[in-house]
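See below for the structure under consideration.
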Amino acid sequence: MSKAPQKPPQKPRGTQDMIGETAARFDHVIETFNRVRKLHGFGRVEVPVFEATAVFARSLGETTDVVSKEMYEFTDRGGDGLVLRPEFTAGIARAYIENGWQQLAPLKLASWGPLFRYERPQKGRFRQFHQLDAEILGAAEAAADVEVIALGQHLLEELGVAGEIELTLNSMGDPDTRAAWSAAVAAHFQAHRGDLSEDSQRRLETNPLRILDSKDAADQALVAGAPQIDAYFTAEAGAFFERLQAGLQASGIAWTRNARLVRGLDYYRHSVFEFITQSLGAQGTVLGGGRYDGLIGHMGGPDTPAVGWAAGIERLAMLVAEPTKADVFTVIADAPELETDALVVSTLLRQAGIPIERHFATKAKRQIELSKKFANAGIFFVKRGDDAAAPLVQARYPGDDRRVVERAALALAGRYNFSAGDQQG
RNA sequence: GCGACUGUAGCUCAGCUGGUUAGAGCGCUGGUUUGUGGUACCAGAGGUCGCGGGUUCAAACCCCGUCAGUCGCCCCA
């Protein structure tokens, strides 16, 4: 057997391995989300990580790049066309239709998990990334939009990042509004076609509304002169936007109007919002969503109003403060023959709710070193007592928490002699 | 898809305008110090300088390609 020099495999581009603080931050975001979402009455929904290609191809309206170039699409062994989900909403909509969840409407659902998009990685952008997701299905009231935004706001507050994040808000109006306004916007840019940047001239053909958020300095002047949607609101659309703003006001949620905030797809109606930070570079949207009343009907289900958002876990994880580590203690046998007792002691302490990790080293000395390396809050030494029959458990440096000592004493009572040790300074 | 920058031990990096046996810290391993709130000592292992070509008497240092990373553009469901 010759040792063929093989290069070890590498993780696929745009994926990440996480451990330690990075993983702890990630975890913290998810735990906080789950806590807050329950506080707001959002139930958990689980949908597949892969779906029939049609689920996303149809929801995205066969749009150019997104569908054709940015989805992980494959054919399985049975010949079925599948894609790794690039977003949550379409899968949830599919499940809503397929399972007849309309009987449960209005439904407040939340999910989180991995999503996949074939894009060039950059700061805050990965090919496998993770999002939190919240949706209200089957509610047409502006109050649902308020509710969903309030959940997002509360989440950011609980994560301690609300201070550096701004809520921007817009309305796409109803279909009549949208159609009239987008036609006016397209006409406006068409009239100044020659002055547009190269990118925006192309957008004129593909998605004129996107010119509104062009980063090109030359486009800015033309963007500033573009028609505002407010002039095109139908009475109903205007009233809806009013109700939304009143609801946010009543909820104590601050926002900034961004009349240029748009969604490319036709099934978006009324509310569009993004929570944005300046501290993450180009990918500053931390949480974004809107009302998509047209989607479920578009996918072949009953006409169903819905509103929701998704938030990037990686991006939130970059913003949150380093999570404080919970105190973890260790048990060290002073001599090899006391190892059995060390196991018993570990079990008793854990059952008493004291976090215990064991260190894997034969020598007690090395175990002490490891307890320092892993920053244990304290050590419980299992020693031979004065009377050789009863081993002694001695607590050393059990944090600042007297309760740990008390709980340990209680847990070990009757089985081991316990000493809180000489806490000499 | 486009652009800029980067790629040296497990990790973080140093290596002057190309010059001969490639360095440090941390980590790891072994030993010493008979052992207790991250800070002791000694020794050791570990690198085809991302990969492949090229220029040169000579390349980790220059050129081309490729892969990967970072940041930006594009896209953004």
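Computed over heavy atoms, backbone and side chain alike; hydrogens, waters and symmetry mates excluded. Each chain gets a letter, A, B and so on, in the order the sequences are listed, and its residues count up from 1. Not measured: the values here are computed from a predicted model.
Listed pair A/Asn207 / B/rC76 meets the phosphate criterion, a side-chain N or O lying under 4.0 Å from OP1 or OP2. The phosphate of B/rC71 has neither OP1 nor OP2 within less than 4.0 Å of any side-chain N or O from A/Arg120. Distances shorter than 4.0 Å separate none of the side-chain N or O atoms of A/Arg396 from OP1 or OP2 on B/rG35. At the phosphate of B/rG69, OP1 or OP2 sits under 4.0 Å from a side-chain N or O atom of A/Arg13. The phosphate of B/rC75 (OP1 or OP2) has no side-chain N or O of A/Lys215 nearer than 4.0 angstrom. For A/Arg203, a side-chain nitrogen or oxygen approaches OP1 or OP2 of B/rC75 to under 4.0 Å.
A straight line from CZ of A/Arg202 to P of B/rC2 spans 14 Å, rounded to a whole angstrom. The distance from atom CD of A/Glu369 to atom P of B/rG30 is 11 Å, rounded to the nearest whole Å. Rounded to an integer number of Å, the gap from A/Ile211 CD1 to B/rC74 C1' is 14 Å. Atom pair A/Lys123:NZ and B/rG72:P shows a separation of 7 Å (rounding to whole Å applied). Between the NZ atom of A/Lys372 and the P atom of B/rC26 there is a distance of 16 Å, rounded to whole Å. Taking atom CZ of residue A/Arg384 and atom C1' of nucleotide B/rG35, one finds them 16 Å apart after rounding to whole Å. In this structure, A/Lys11 atom NZ and B/rG69 atom P are separated by 7 Å, rounded to whole Å. Rounded to an integer number of Å, the gap from A/Asp199 CG to B/rG3 C1' is 13 Å.
Atom name P, nucleotides B/rC13 and B/rG7: the rounded distance is 10 Å, in whole Å. Taking atom C1' on both nucleotides, B/rG18 is separated from B/rG69 by 26 Å, rounded to a whole Å. Only the C1' atoms considered, B/rA58 is 36 Å distant from B/rC71, to the nearest whole Å. For the P atom pair drawn from B/rU32 and B/rU21, the interatomic distance equals 37 Å after rounding to whole Å. With C1' as the reference atom, B/rC64 and B/rU70 are 23 Å apart, rounded to whole Å. Here the separation of B/rG47 from B/rU8, taken at their C1' atoms, is 8 Å to the nearest Å. A distance of about 11 Å separates the P atoms of B/rC61 and B/rC51, rounded to the whole Å. Taking the P atoms as reference points, B/rU17 lies 14 Å from B/rU6, given to the whole Å.
Figure legend: cation-pi geometry between A/Arg269 and A/Tyr292 absent, as NZ or CZ is not positioned both under 6.0 Å from the six-membered ring centre and within 45° of its axis.
With hydrogens and angles ignored, a donor-acceptor pair closer than 3.5 Å exists between the side chain of A/Lys365 and the base of B/rU33. One donor-acceptor pair, N or O on each side, does fall under 3.5 Å between the base of B/rU36 and the side chain of A/Lys383.
Looking at heavy-atom distances under 4.0 Å, A/Gly14 makes contact with sugar-phosphate atoms alone, never a base. Within 4.0 Å (heavy atoms only), A/Ala364 reaches no atom of the nucleic acid at all. Contact annotation for A/Asp213: no contact, since no heavy-atom pair falls under 4.0 Å across all strands. A/Tyr268 comes within 4.0 angstrom of sugar-phosphate atoms only, judged by non-hydrogen atoms across all strands, and of no base. Residue-level contact check: A/Arg263 touches the backbone only, with heavy atoms under 4.0 Å from sugar-phosphate atoms and none from bases.
Of the candidate nucleotides B/rC75, B/rU36, B/rC2, B/rU36 has the atom nearest to the side chain of A/Ile368. For A/Gln122, whose side chain is taken as the heavy atoms from C-beta onward, the closest listed nucleotide among B/rG38, B/rC28, B/rG72 is B/rG72. With B/rC74, B/rG37, B/rU29 as the choices, the nucleotide that has an atom nearest any side-chain atom of A/Arg366 turns out to be B/rU29. Here B/rG27 is the nucleotide among B/rG35, B/rC73, B/rG27 with the atom lying nearest to any side-chain atom of A/Lys373. Which of B/rC2, B/rC76, B/rU36 sits closest to the side chain of A/Arg117 comes down to B/rC76.
Two residues, A/Leu370 and A/Arg125, neighbour RNA chain B, and the one matched to the more 5' nucleotide by heavy-atom proximity is A/Leu370. Comparing A/Phe381 and A/Gly281, the nucleotide of RNA chain B nearest to each residue sits closer to the 5' end for A/Phe381.
Ring pair A/His298/A/Tyr267 is tilted by interplanar angle, where 30° to 60° counts as tilted. Ring geometry, A/His188 versus A/His192: the interplanar angle falls from 30° to 60°, so the pair is classed tilted.
Between the side chains of A/Asp219 and A/Ser200, at least one donor N or O lies within less than 3.5 Å of an accepting N or O.
Among A/Arg366, A/Lys373, A/Gln367, A/Lys372, the one residue that satisfies the side chain to side chain donor-acceptor pair (under 3.5 Å) test with A/Glu369 is A/Arg366.
Taking the centre of each ring, A/Phe241 and A/His270 stay at or above the 6.0 Å mark.
Nucleotide B/rA4 is matched to B/rU70 when pairs are restricted to Watson-Crick or G-U wobble geometry with both distances under 3.5 angstrom. In this entry B/rG35 has no Watson-Crick or G-U wobble partner, no candidate having both defining distances under 3.5 Å. Using N1 to N3 plus N6-O4 or O6-N4 for Watson-Crick, or N1-O2 and O6-N3 for G-U wobble, each under 3.5 Å, B/rA9 pairs with nothing. For B/rU21, there is no paired base (Watson-Crick or G-U wobble, both distances below 3.5 Å). Base pairing of B/rU56: no nucleotide in any strand meets the Watson-Crick or G-U wobble criterion (both distances under 3.5 Å).
Counting non-hydrogen atoms of neighbouring residues, nucleotides and ligands closer than 6.0 angstrom, the CD atom of A/Glu205 exceeds 12 such neighbours.
Between A/Val45 and A/Ile92, the closest side-chain pair of non-hydrogen atoms falls below 4.5 Å. Looking at heavy atoms from C-beta onward, A/Trp181 lies in side-chain contact with A/Val262 at the 4.5 angstrom threshold.
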